[in-house]
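For this chain, numbers begin at 1 and follow the sequence in order. Please read all numbers here as calculations on a predicted model, not as lab measurements. Order of appearance sets the numbers: ligands from 1, and atoms from 1 within every ligand.
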Amino acid sequence: MSAIPVANSILAVRKAVAAARTSGLRIGCVPTMGALHEGHASLIRSAKAVSDFVVTTIFVNPTQFGPNEDFTKYPRTLEADCETCAAAGADLIFAPTAEEMYPPNAFAFVDVGTLGEHLCGPSRPGHFRGVCTIVMKLFQIVQPDVAVFGAKDAQQARIIRRMILDLNVPVQLMIAPTIRERDGLAMSSRNRYLTPIERSRAPEIYRVLCEVRDRALHGERDVARLESALRGMLETIPESRLDYAAIVDDETMTPITQIDRPALIAVAIYVGKTRLIDNVTIPQTTTI
Ligand code: PAF
């Protein structure tokens, strides 16, 4: 077992952060739901590169799971997570219970408006309200100078950016790049649900995303044609079911008809029973 301290109570984490701040340290925060992998480790390393005292939060947040989602079976691997955090340079783990985070009489939530209605929104009603509420609570508890989130959760990152802006949260947001397996599959705690045959099929998602991005970069501007190619190729993955595959405005995540601004190609697809998400951006509109 690593020597990294684990705080379970809000009071304990506040005290530890206050002591670090009094010593002049800059506070970083990496919110996670645990089941940590190399993608999370890279977020912690990114936080450590720009701050001195990194708090990794580990909390499987019930309010962001729908009734038929994987809340109860979501992997909980605290001991291994402590090792990952320590190796990546975190200074403190905050691993509260649900009772600690959500008093039974809680009424206030963070409403994310229409930003939560696109992409993952329709199939995960209430998800981003739950994400923003817990992230806001973690920001209030840790009061970090900088917080790091992964680019794989593209919609989450954009919504948190809006929340920080709209609610004047004094934290610097960093979005760190998606970390991929050697075959291109985006790292995710949910990859462990895949059977070996599903795992062998899953890298096709990123391959298709790259191919469609390349078509856009080589001059195809028509979003309907690009989306049709995107869906067509994804639907050839055996035993898969497409949730959505869309090309949207990179900032607002609203539909576009032409690649005439920075765009996001985002996908959610069930491979077997496991819902995987991935995305790539089309950063510029100049044809190559
Ligand atoms: O990305 C995640 O793991 C979660 O949505 C987050 C940001 C930790 C909130 O529970």
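Atoms of ligand 1 found under 4.0 Å from any heavy atom of Ile134 (numbered from 1 in listed order, with element): 9 (C), 10 (O). Interface atoms of ligand 1 facing Pro31, defined by a heavy-atom separation under 4.0 Å, are 8 (C). Against a heavy-atom cut-off of under 4.0 Å, Thr32 is close to the following atoms of ligand 1: 8 (C). Which parts of ligand 1 touch Gln64 is read off a 4.0 Å heavy-atom cut-off, strictly below it: atoms 4 (C), 5 (O), 9 (C), 10 (O).
With 3.5 Å as the limit, one finds no donor-acceptor pair spanning the side chains of Tyr74 and Asn61.
Between the Gln155 side chain and the His118 main chain, a donor and an acceptor come within less than 3.5 Å of each other. For Asn8 (side chain) and Ala95 (main-chain N/O), a donor-acceptor pair under 3.5 Å exists by modelled atom type.
One distance of note links OG1 of Thr32 with CD1 of Ile58; it measures 4.5 Å at 0.5 Å rounding.
Smallest separation of non-hydrogen atoms from Asp52 and Gly24: OD2-O, 4.3 Å.
Of the candidates Met33, Lys152, Lys137, Gln156, Met33 brings a heavy atom nearest to atom 3 (O) of ligand 1.
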